[in-house]
Amino acid sequence: MIQLVRGFKDILPPETSVWQYIENTAKTHFENFGFREMRPPVLEQAALFQRSIGEHTDIVEKEMYTFAGSRDTLLTLRPEATASVVRAYIQHKLYAADPVAKFYTIGPMFRKERPQKGRYRQFQQINAEVFGVDAPYLDAQLIFMLMTFFARLSVSGLQVHLNSLGCPQCRPAFKESLSHMLSAQSDKLCADCLRRLEKNPLRVLDCKVPGCRKVVAEAPSMLDYLCRSCQVHFDAVKSALEGMAVPYEIDPWLVRGLDYYTRTAFEIQTAELGAQNAVAGGGRYDNLVEMLGGPSQPAIGFAVGLDRLADLVMAKFPPAEPGPEVFFLPMGEAAMEMTAHWASLLADAGVRTEVDFSGRSLKALMRRADRMGAQNVLMIGDQEIADRAVVLRNMKTRDQVQVPLDALVENVKAHLEKPNVA
RNA sequence: GUGGGUGUAGCUCAGUUGGCAGAGCACCAGGUUGUGGCCCUGGGGGUCAUGGGUUCAAGUCCCAUCACUCACCCCA
């Protein structure tokens with residue numbers, strides 16, 4: 001048989017109800033903060049990601065699903081959402097009327113990595129992006145929005161990790177002094193870090209190999225190299241967070257994997273997901289809009305990993321099937337036709353309805369209704385048709401009443417609304 | 001891309017030195033000719049991941065492949 005492709009997954013009910021719950025909560029929450037939904041496509045020109053994420057990042061080097069499009073263009077299934085949102089912001093000149101714009105997106109991303117717990121080749125993210133605001137208070141507000149979002153979902157045990165990556169004015173000096181220091185200690189670094197040292201020395205900072213950590217512990221911190229305006233910005237973010245009572249941890253070794261980040265970088269981490277501890281991550285990318293051919297506008301955003309978040313929510317609240325409010329049990333052909341009619345009308349009238357057309361014994365139908373968690377069953381057989389009244393049974397209290405067949409929908413609804421005297 | 005672990009019924013898993021393919025749960029039917037849960041009885045279900053090899057004989061041993069999984073790398 002044909003199986004689903006490696007690293008991809010089916011999300012089945014009842015788990016889908018958890019996803020719907022998370023997505024709906026995110027939508028209302030983010031919209032309360034002034035965000036509106038944007039839905040960019042999942043396919044973009046490869047060049048978009050090469051230019052935004054960075055040519056020498058792992059994502060671009062080996063993790064993108066890229067294939068030939070028409071003519072000479074290479075197409076890529078998006079490995080992240082920010083580049084698309086920025087592209088749309090520029091392409092549709094969304095900055096023209098008002099450079100300040102806030103968007104969120106929900107959808108799948110694709111990265112060809114080796115799958116493991118909390119990491120899939122297609123994974124779902126909720127992204128939020130803000131353009132045209134450089135105020136540090138916005139940075140803090142975004143983190144606040146994230147943490148209250150998690151709180152709404154009753155997800156706890158999360159830590160905010162915060163860092164500043166500086167800007168093109170101050171980062172080069174730091175980079176230079178870092179690589180200088182690391183080169184001097186290169187004999188103590190792991191093979192991966194020696195490679196990083198060449199390509200992107202910042203990445204050495206978050207290496208987990210003990211030997212490297214030891215070296216890194218004495219490495220200079222970006223925070224010591226911040227220029228005056230970056231320092232002012234970072235201080236304002238911190239004090240705004242304190243003002244909003246959002247606990248955070250300064251993490252000078254927090255490095256983000258994408259090249260475009262500047263200044264504020266943050267990650268929301270949990271200890272409950274094994275090696276993949278980041279539930280959300282984001283930061284400023286003040287130069288990306290201009291880099292991609294747009295006006296010079298500051299921007300900031302974050303991504304929430306929905307697969308990981310769903311794991312956290314489900315660990316706390318295992319999903320459950322709701323069960324129909326009324327389960328129709330027809331006995332006989334005449335009853336089935338009548339049931340198709342009335343059950344459809346009842347469902348259309350807003351009552352969660354289920355039917356069993358299998359024609360099996362009443363005992364079998366009852367067992368199935370019970371197993372599915374039906375609150376009530378509605379029995380129709382020859383006797384009920386003759387009486388012009390069906391039997392409605394409350395599965396919990398085992399009370400049975402007769403409900404007139406005429407105006408059945410209204411009668412059943414009226415009965416359901418009666419308070420149960422269990 | 002690298003390393004470890006695991007693949008037997010729908011699910012969770014037993015399966016001894018190589019010797020008839022098993023259990024629990026779930027499902028179906030009956031016990032109750034029109035009433036669920038508990039109980040009793042019976043039943044249906046298997047390419048033992050796939051392909052080769054060794055052997056009189058392979059779920060079991062060997063090789064390869066695939067998948068799942070955890071970790072590294074990296075990231076959400």
Side-chain angles (χ1 to χ4, degrees), chain A residues 1-9 53-54 57-63 78-82 106-128 146 190-193 195-196 199-200 203-204 206-209 212 254-258 266-270 273-283 301-312 323 327 329-332 335 356 358 360-384 390-400:
Chain A
M1 74 154 278
I2 299 176
Q3 296 201 330
L4 87 178
V5 313
R6 183 189 185 85
F8 288 61
K9 67 171 174 177
I53 297 171
T57 57
D58 276 17
I59 292 178
V60 170
E61 275 181 359
K62 54 186 189 193
E63 294 175 1
R78 64 178 181 194
E80 60 114 25
T82 301
I106 302 181
M109 310 298 156
F110 305 84
R111 290 180 202 172
K112 205 169 167 181
E113 300 174 276
R114 189 77 171 260
Q116 74 185 74
K117 184 178 176 63
R119 197 178 65 189
Y120 306 95
R121 291 183 169 184
Q122 175 180 334
F123 57 100
Q124 208 83 4
Q125 282 189 342
I126 301 179
N127 274 71
L146 254 179
C190 70
D192 286 324
C193 282
R195 209 187 63 235
R196 294 185 184 110
K199 286 164 49 180
N200 191 350
R203 298 236 58 99
V204 177
D206 62 357
C207 182
K208 286 163 195 157
V209 176
C212 302
L254 174 67
V255 180
R256 315 243 59 237
L258 292 66
F266 57 91
E267 244 177 46
I268 314 299
Q269 298 180 2
T270 174
L273 290 178
Q276 308 306 317
N277 60 358
V279 181
F302 63 75
V304 181
L306 276 194
D307 303 79
R308 295 174 186 179
L309 182 55
D311 280 349
L312 291 178
F327 200 129
L329 308 183
M331 290 162 281
D356 191 317
S358 68
R360 294 187 299 165
S361 70
L362 181 61
K363 180 191 174 93
L365 304 190
M366 283 290 288
R367 205 168 38 228
R368 179 152 179 261
D370 182 48
R371 197 168 59 230
M372 288 177 65
Q375 290 151 35
N376 303 277
V377 296
L378 192 152
M379 290 172 270
I380 309 182
D382 294 339
Q383 186 63 48
E384 285 71 23
V390 300
V391 175
L392 187 64
R393 175 186 177 89
N394 183 312
M395 293 296 274
K396 199 166 184 181
T397 65
R398 313 177 74 158
D399 293 331
Q400 292 192 177

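Chain A is the first sequence line, chain B the second, and so forth, proteins listed ahead of strands; every chain is numbered from 1.
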Practice item. Could you check A:Phe302 against A:Ile268 for side chain to side chain contact (heavy atoms under 4.5 Å, CB included), going step by step and ending with a plain yes or no? Key: CA-CA 10 Å; A:Phe302 63 75; A:Ile268 314 299; over 6 Å; no
**Study point:** Flag, side chain of A:Asp307 to backbone of A:Gln124, donor-acceptor distance under 3.5 Å
**Key:** yes
Review point. Just how far is it from atom CG of A:Leu378 to atom CG of A:Leu329, taken to the nearest 0.5 Å?
Key: 8.0 Å
Review point. Reckon A:Gln116 has a side-chain N or O less than 4.0 Å from the OP1 or OP2 of B:C72?
Key: yes
Review point. Looking only at atom C1', what distance separates B:U60 and B:G22, rounded to whole Å?
Key: 15 Å
Study note, to complete from the structure: In whole angstroms, the gap separating P of B:A76 from CD of A:Glu80 amounts to 8 Å
Between the protein and nucleotides 43-45 of chain B, which nitrogen or oxygen pairs are less than 3.5 angstrom apart?
none

Practice item. Rounded to the nearest angstrom, tell me the gap between atom CZ in A:Phe8 and atom P in B:U69. Key: 13 Å
**Study point:** Value rounded to 0.5 Å, distance of NZ in A:Lys117 from CZ in A:Arg308
**Key:** 10.5 Å
Check your understanding: Expressed as a whole number of Å, how far does the P atom of B:C48 sit from that of B:G52?
Key -> 13 Å
Point to revise | Steps toward side chain to side chain contact (heavy atoms under 4.5 Å, CB included) verdict (A:Arg6, A:Arg114) | key: CA-CA 9 Å; A:Arg6 183 189 185 85; A:Arg114 189 77 171 260; 3.1 Å; yes
Check your understanding: If the C1' atom of B:A67 is compared with that of B:A21, how far apart are they to the nearest Å?
Key -> 23 Å
Exercise for review: For A:Arg111 and A:Pro79, indicate whether the former's side chain and the latter's backbone hold a donor-acceptor pair under 3.5 Å.
Suggested key: yes
Review point. CZ of A:Arg6 versus P of B:C70: gap in Å, rounded?
Key: 12 Å
Check your understanding: Rounding to the closest angstrom, what is the interatomic distance between B:C61 and B:U16 at atom P?
Key -> 9 Å
Practice item. Using the closest heavy atom to pick a nucleotide of RNA chain B for each, name whichever of A:Gly274 or A:Gln124 lands nearer the 5' end. Key: A:Gly274
Exercise for review: May I ask you to say what A:Gly118 touches in the nucleic acid, namely base, sugar-phosphate or nothing, with a heavy-atom cut-off under 4.0 Å?
Suggested key: base
Revision key, fill the gap. Distance col, row A:Leu392:CG vs A:Ile380:CD1, nearest 0.5 angstrom, shows 10.5 Å
Check your understanding: C1' atom, B:A9 versus B:A14: distance in rounded Å?
Key -> 13 Å
Exercise for review: With heavy atoms under 4.0 Å as the rule, sort A:Ala369 into base, sugar-phosphate or nothing.
Suggested key: nothing
**Study point:** Rounded distance in Å between the C1' positions of B:C68 and B:A29
**Key:** 36 Å
**Study point:** Rounded interatomic separation in angstrom, taking CG from A:Asn277 and C1' from B:C74
**Key:** 12 Å
Practice item. Give one of base, sugar-phosphate or nothing for A:Gln276, where a contact means two heavy atoms less than 4.0 Å apart. Key: base
Review point. A:Tyr120 near the nucleic acid: base, sugar-phosphate alone, or nothing, with a heavy-atom cut-off under 4.0 Å?
Key: base
Exercise for review: Grab the CG-C1' distance between A:Asp307 and B:U69 for me, whole Å please.
Suggested key: 16 Å
Review point. Could you go step by step and tell me if A:Ile59 and A:Glu80 meet the side chain to side chain contact (heavy atoms under 4.5 Å, CB included) rule?
Key: CA-CA 10 Å; A:Ile59 292 178; A:Glu80 60 114 25; 5.8 Å; no
Check your understanding: Just by protein heavy atoms under 4.0 Å, how would nucleotides 27-38 of chain B read 5' to 3' in B, S and -?
Key -> SSS-B--BBBB-
Exercise for review: Starting at atom CD of A:Glu267, determine the distance to atom P of B:C74, rounded to an integer number of angstrom.
Suggested key: 13 Å
Check your understanding: When the distance from NZ of A:Lys62 to P of B:C72 is rounded to whole Å, what number comes out?
Key -> 14 Å
Could you go through nucleotides 1-6 of chain B and list every protein N or O atom that sits under 3.5 Å from one of its N or O atoms, giving the distance for each pair?
unit_1: B:U2; atom_1: O4; unit_2: A:Arg114; atom_2: NH1; d: 2.4

Exercise for review: For nucleotides B:U41 and B:A58, find the distance between their C1' atoms and express it as a whole number of Å.
Suggested key: 37 Å
Exercise for review: Please state the P separation for the pair B:A64 and B:U2 - nearest whole angstrom.
Suggested key: 14 Å
Exercise for review: Rounded to the nearest 0.5 Å, what's the gap from CD on A:Gln276 to CZ on A:Arg119? Could you check?
Suggested key: 5.0 Å
Practice item. Round to a whole Å and report the spacing from CZ of A:Arg308 to P of B:C70. Key: 12 Å
